[in-house]
Amino acid sequence: MPVTGIGGFFFRSKDPKGLRAWYAEHLGVVGEGWSGWQQQAGTTYIEPFKHDTDYFAADKHYILNLRVTELDDLVATLGQAGIEAITKDEWNTPETGRFARIHDPEGNPIELWEPPAE
């Protein structure tokens, strides 16, 4: 298969420069200019959901899912920065891992996913 991974995630923003800085400061996922963010290899899912899903807000067409380590520490750090993280026990399973949800300053949903230990 010629596709080897995700090359980018592009979306509209009211304040691209400010939002880029927020992602860099709080999640460390945006490089400067076009240098990009060097991520670790791992599983990535491309999964269409039904149009009427309640998995994320009806007024949003996507949810960005980021693989993380040390989810509890990240949630605590985000909380100290005033970023609310939502967690629910029913989201977590030994087979799929653990999850938390946050929103960027423009209300875009972000799911933080700590895959199960191998």
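All of these numbers come straight from a predicted model, not from anything done at the bench.
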Student check: side-chain heavy atoms of E95 and P116 closer than 4.5 Å: no

Test ring-ring contact (aromatic ring centres under 6.0 Å, His included) applied to W91 - qualifying residues, sequence neighbours left out: none

Spacing of T87 atom OG1 and R98 atom CZ [to the nearest 0.5 Å]: 8.5 Å

Shortest non-hydrogen separation from N108 to Y23 and the atoms involved: CB-OH, 4.5 Å

Nearest-0.5 Å distance that lies between atom CG in N92 and atom CH2 in W113: 12.5 Å

Connected via hydrophobic side-chain network under 4.5 Å: L19 and I110: yes

Pair F9 and Y62, ring centroids less than 6.0 Å apart: yes

Joint cluster assignment, L78 & L71, ILVMFWY side-chain distance < 4.5 Å: yes

Nearest non-hydrogen partners of H103 and I83, listed with the distance: O-CG2, 4.5 Å

E90, CD: over 12 other non-hydrogen atoms inside 6.0 angstrom: yes

Pairwise distance CD(E114) to OG1(T96) - rounded to 0.5 angstrom: 11.5 Å

Spatial distance of atom CD (Q39) from atom OG1 (T44) [nearest 0.5 Å]: 6.0 Å

Nearest non-hydrogen partners of R67 and A41, listed with the distance: NH1-O, 3.7 Å

Partner residues of Y55 under the ring-ring contact (aromatic ring centres under 6.0 Å, His included) criterion, sequence neighbours left out: F49

E111 and its side-chain contact (heavy atoms from CB on, under 4.5 Å) partner, picked from I102, L64, N65: N65

D15/R20 ion pair, N-O < 4.0 Å: no

Single-linkage hydrophobic cluster L74~W22, side-chain heavy atoms < 4.5 angstrom: yes

ILVMFWY network linking F56 to L66, side-chain heavy atoms under 4.5 angstrom: no

Contact summary for G107 and K60, nearest pair of heavy atoms: O-CE, 3.3 Å

Pairwise side-chain contact, P109 with R101, heavy-atom cut-off 4.5 Å (strictly under): no

side-chain contact (heavy atoms from CB on, under 4.5 Å) against E84, all qualifying residues, sequence neighbours excluded: I86

